[in-house]
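Please read all numbers here as calculations on a predicted model, not as lab measurements.
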Amino acid sequence: QVLLVESGGGSVQAGGSLTLSCKYSAVTTPINHMGWFRQAPNHEREPVATIYLSNGMTTYHWAVEGRFTVSRDSTKSALNLQMNSLELEDTAMYFCATARWAGDPMNPDTYDTWGQGTQVTVSS
């Protein structure tokens, strides 16, 4: 089973930037797509950004489009999330996930492996 380890979270002031990284290992079956999700207290887990490994096609939640960039570094077996112009509403636990089978990449139910998460806190 794929192992996912997120890093890069922390505290930042509004308007600042952070880069999250998700290292993946123990990949025994092909990964179809990967994604970043987030969950704030008393909120449901929501998609942030996803990427298809076959062609690099990305999808973003409307709330982060233009501010966040998802990318894959195959040489380091990592999925990165560059977050710029951070807002208070971006405060959440951020999770990395992988999916072996095709499906709606913005639907968390299509993912079969999840990391433990990394906390992002944006303050004013």
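- Considering only heavy atoms from C-beta on, Tyr24 comes within 4.5 Å of Met34 through its side chain.
- Rounded to the nearest 0.5 angstrom, Asp112 CG and Thr29 OG1 are separated by 7.5 Å.
- Residues Gln13 and Ser124 come closest through the heavy atom pair NE2-O, 4.2 Å.
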Test side-chain hydrogen bond (donor to acceptor under 3.5 Å, both in side chains) on Gln82 and Asn80 and set out the steps.
CA-CA 6 Å; Gln82 175 67 44; Asn80 300 317; over 6 Å; no
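- Of all the heavy atoms in Arg67 and Leu86, the pair that sits closest is NH1-CA, 3.8 Å.
- To the nearest 0.5 angstrom, Leu3 atom CG is 10.5 Å from Cys22 atom SG.
- Contact detail for Val64 and Val48: the closest heavy-atom pair is CG2-O, 3.5 Å.
- Pairing each heavy atom of Gln39 with each of His43, the nearest pair is NE2-O, 3.1 Å.
- Sparse packing is recorded around CD of Glu44, with 12 or fewer heavy atoms of other residues, nucleotides or ligands lying under 6.0 Å away.
- Cluster annotation: Val27 and Leu53 are assigned to the same hydrophobic cluster (Ile/Leu/Val/Met/Phe/Trp/Tyr, side-chain heavy-atom contacts under 4.5 Å, transitive).
- Cluster annotation: Val12 is connected to Leu81 through the hydrophobic network of ILVMFWY side chains, with a link wherever side-chain heavy atoms come within less than 4.5 Å.
- The side-chain heavy atoms of Val120 and Met83, taken from C-beta on, include a pair separated by under 4.5 Å.
- Note on Leu88 and Tyr94: same hydrophobic cluster, where clusters join Ile, Leu, Val, Met, Phe, Trp and Tyr whose side-chain heavy atoms are under 4.5 Å apart, directly or indirectly.
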Check against side chain to side chain contact (heavy atoms under 4.5 Å, CB included), Trp101 and Asn32
CA-CA 6 Å; Trp101 314 112; Asn32 184 68; over 6 Å; no
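- Ring planes of Phe95 and Trp114: perpendicular class, angle over 60° (limits at 30 and 60°).
- For the 3.5 Å distance criterion, the side chains of Asp104 and Thr110 fail to qualify, holding no donor opposite an acceptor.
- Proximity of the aromatic rings of Tyr111 and His33 is defined here by a centroid distance below 6.0 angstrom, and this criterion is met.
- Cluster annotation: Phe37 and Leu4 are assigned to distinct hydrophobic clusters (Ile/Leu/Val/Met/Phe/Trp/Tyr, side-chain heavy-atom contacts under 4.5 Å, transitive).
- To the nearest 0.5 Å, atoms OG1 (Thr58) and CD (Glu65) are separated by 8.0 Å.
- Here the shortest heavy-atom pairing between Arg38 and Ala63 reads NH2-CB, 4.2 Å.
- Residues Glu6 and Trp36 form a side-chain contact, since some pair of their non-hydrogen atoms from C-beta on lies under 4.5 Å apart.
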Take Tyr60 and Thr69 through the test side chain to side chain contact (heavy atoms under 4.5 Å, CB included) and record every step on the way to the result.
CA-CA 8 Å; Tyr60 295 92; Thr69 303; 3.9 Å; yes
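- Using modelled atom types, one side-chain atom of Thr118 and one backbone atom of Gly9 make a donor-acceptor pair closer than 3.5 Å.
- When all heavy atoms of Ser21 and Ala78 are compared, the pair lying nearest together is OG-CB, 3.9 Å.
- Atom NZ of Lys76 and atom CG of Leu79 lie 13.5 Å apart (nearest 0.5 Å).
- A donor-acceptor pair under 3.5 Å is absent between the side-chain atoms of Thr121 and the main chain of Thr91, judged by distance alone.
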